[in-house]
Amino acid sequence: IKPTEVSMITIRDIIQYYAQYNLNANTRMIAIISDMIQDPINSPLKGYFLKALGTLLEHIYLADLSWLKAFMELGNYGKDIEEDLGFALEPGKSFFQNFEDFTLKRQKLDMLIVEFTSKVEEEFFSKKLTIKNSEGEEAECEAWKAIIQFFNRQTHYRGQISNILDQLHIPNDFSNMILIS
C-alpha cells in the first residue's frame, strides 16, 4: 500500500497491510520453530497457562478461525471457512496431527485472511458484530473495532511465542512490521 497522502489511507488499507504482515510474520515464525524445535507440537512450556507450544499454536489458530468466520458472516464473501480448511474439531482431541499439519492449515488460514481483506467493502466496518467468549458471554461491537482486535491479538500471541523462543535461546526476529511486510 503506497497512498500518495496519509489522508487517503482507509481502514481497509490498514487491515490489508495487517493481513499481509500476519502472513509474513507467521511464515517466518513457523520456519524458526520448524528449524529449531524438534517436536513443536509436544514441546512443553513452563510458566504459561497453556502447557505445550502446540496447544498455544492451536489456541491462536482456532481463535483466528472463529474470528474470520464471524467476519465473513457479516457479508457474502463466497467462502465456507470450515469447508475450505477441513475444519472438524473433536472435543478433547488435538486439532493438528503434527507440526506439518499445523503449518499447512496455518498457511491456508493466513491466505484466507489476506483474501478476505482484499474483498471487504468499506460498509463492513460500520456493521455490528456479536461475539461470544469462551464462557458464553456475548458482546456487540462495531466490526472495525473487532477486526483491529483480531490483528492485535495475533501480534500479542506472536510476542508470547517470541518470548518462549528467547527463553530457549533461539534467535528470532519475525515481528518487524516495516521490514517484513
Side-chain angles (χ1 to χ4, degrees), residues 1-2 13-72 81-82 84-118 131 133-135 145-181:
I1 302 170
K2 294 183 181 174
D13 295 329
I14 292 167
I15 68 161
Q16 287 175 343
Y17 180 68
Y18 266 104
Q20 189 61 53
Y21 163 70
N22 177 65
L23 170 68
N24 294 343
N26 282 340
T27 299
R28 289 178 64 145
M29 179 186 72
I30 288 167
I32 292 167
I33 291 170
S34 178
D35 289 346
M36 303 303 289
I37 298 178
Q38 189 170 8
D39 183 9
I41 294 298
N42 296 307
S43 182
L45 300 177
K46 293 179 183 172
Y48 288 88
F49 177 75
L50 298 169
K51 301 302 179 199
L53 181 57
T55 308
L56 176 58
L57 294 170
E58 182 177 273
H59 173 76
I60 299 164
Y61 177 90
L62 292 174
D64 287 352
L65 182 72
S66 179
W67 276 106
L68 187 59
K69 184 178 179 202
F71 295 145
M72 288 194 172
I81 291 185
E82 292 175 359
D84 286 351
L85 295 172
F87 184 79
L89 185 60
E90 297 176 37
K93 192 172 184 185
S94 179
F95 185 67
F96 304 109
Q97 296 175 13
N98 52 46
F99 193 69
E100 292 77 25
D101 184 39
F102 162 75
T103 299
L104 292 172
K105 288 179 178 172
R106 181 75 247 185
Q107 290 170 339
K108 197 167 188 179
L109 178 57
D110 289 341
M111 290 304 299
L112 284 172
I113 293 167
V114 169
E115 184 179 341
F116 166 73
T117 62
S118 74
I131 55 172
N133 67 15
S134 58
E135 287 82 41
K145 291 178 182 176
I147 203 159
I148 289 172
Q149 165 60 19
F150 170 68
F151 287 115
N152 185 60
R153 184 183 175 285
Q154 293 169 348
T155 301
H156 163 78
Y157 278 111
R158 275 192 299 270
Q160 193 173 41
I161 291 171
S162 179
N163 185 53
I164 291 164
L165 296 173
D166 286 345
Q167 290 173 2
L168 296 171
H169 305 286
I170 296 173
N172 64 90
D173 184 18
F174 51 80
S175 63
N176 191 322
M177 197 170 201
I178 300 299
L179 296 179
I180 68 169
S181 50

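Just so it is clear, the structure is predicted and the values come from calculations on it, not from any experiment. Side chains included, hydrogens not; waters and symmetry mates left out as well; all remaining heavy atoms used. The residues of the chain are indexed from 1 along the displayed sequence.
In this structure, the side-chain hydrogen bond (donor to acceptor under 3.5 Å, both in side chains) partners of Lys145, at least two apart in sequence or on a different chain, are Glu142. Applying the salt bridge (Lys or Arg N to Asp or Glu O under 4.0 Å) test to Glu100 and every residue at least two apart in sequence or in another chain returns nothing. The salt bridge (Lys or Arg N to Asp or Glu O under 4.0 Å) test applied to Asp110 returns Arg106, not counting sequence neighbours. With sequence neighbours left out, Ser43 forms a side-chain hydrogen bond (donor to acceptor under 3.5 Å, both in side chains) with no residue at all. By the salt bridge (Lys or Arg N to Asp or Glu O under 4.0 Å) test, Asp101 is found to be paired with Lys105, residues two or more places apart in sequence or in another chain being considered. Residues meeting the salt bridge (Lys or Arg N to Asp or Glu O under 4.0 Å) test with Arg158, sequence neighbours left out: none.
With Tyr61 contributing its side chain and Phe96 its backbone, the two residues share no donor-acceptor pair below 3.5 Å. Of the possible donor and acceptor atoms, none in the side chain of Asp173 sits under 3.5 Å from a partner among the backbone N and O of Pro171. A donor-acceptor pair is defined here as one N or O able to donate and one able to accept, closer than 3.5 Å; no such pair exists between the side chain of Thr55 and the backbone of Lys51.
Leu56 and Leu50 make their closest contact through CA-CD1, 3.7 Å (heavy atoms, listed as atom of the first residue, atom of the second, distance). In plain terms, the two heavy atoms of Ser118 and Gln16 that are nearest each other are CA-NE2, 3.4 Å.
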May I have the step-by-step check of side chain to side chain contact (heavy atoms under 4.5 Å, CB included) for Asp166 and Asn172, ending in yes or no? CA-CA 7 Å; Asp166 286 345; Asn172 64 90; 3.0 Å; yes
How far apart are the C-alpha atoms of Thr117 and Phe71, what are their side-chain angles, what is the distance that settles it, and do they pass the side chain to side chain contact (heavy atoms under 4.5 Å, CB included) test? CA-CA 10 Å; Thr117 62; Phe71 295 145; over 6 Å; no
Could you give me the CA-CA distance, side-chain angles and deciding distance for Asp39 and Asn42, then say whether side chain to side chain donor-acceptor pair (under 3.5 Å) is met? CA-CA 6 Å; Asp39 183 9; Asn42 296 307; 2.9 Å; yes
Going through the distances and angles, do Ile164 and Lys46 end up as a side chain to side chain contact (heavy atoms under 4.5 Å, CB included)? CA-CA 9 Å; Ile164 291 164; Lys46 293 179 183 172; over 6 Å; no
What do the steps show when you test Val114 against Asn22 for side chain to side chain contact (heavy atoms under 4.5 Å, CB included), and what is the final call? CA-CA 9 Å; Val114 169; Asn22 177 65; over 6 Å; no
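Using a 4.5 Å heavy-atom cutoff, the side chains of Ile113 and Phe151 are in contact. Counting heavy atoms from C-beta outward, Trp67 and Leu62 have side chains that stay 4.5 Å or more apart. Between Arg28 and Leu23, the closest side-chain pair of non-hydrogen atoms is not below 4.5 Å. Side-chain contact check for Ile14 versus Ile148: every heavy-atom pair is 4.5 Å or farther apart. Residues Leu68 and Phe116 have side chains in contact (heavy-atom distance under 4.5 Å, counting atoms from C-beta outward). Looking at heavy atoms from C-beta onward, Leu57 lies in side-chain contact with Met29 at the 4.5 angstrom threshold. Residues Ile33 and Leu53 meet the side-chain proximity criterion, which asks for heavy atoms closer than 4.5 Å. Put simply, the side chain of Ile30 reaches to within 4.5 Å of the side chain of Phe99, judged on heavy atoms.
Going from atom CG of Leu112 over to atom CE of Met72 covers 5.5 Å, rounded to the nearest 0.5 Å. Residue Leu65 holds its CG atom at 11.0 Å from CD of Glu58, rounded to the nearest 0.5 Å. Here the CD1-OG distance, from Ile32 to Ser162, works out to 8.0 Å after rounding to the nearest 0.5 Å.
Taking the six-membered ring for Trp, Phe102 and Phe95 have ring centres at least 6.0 Å apart. Taking the six-membered ring wherever Trp is involved, the centroid distance between the rings of Phe150 and Tyr18 does not fall below 6.0 Å.
Residues Asp64 and Tyr157 have side chains that never bring a donor and an acceptor to within less than 3.5 angstrom of each other.
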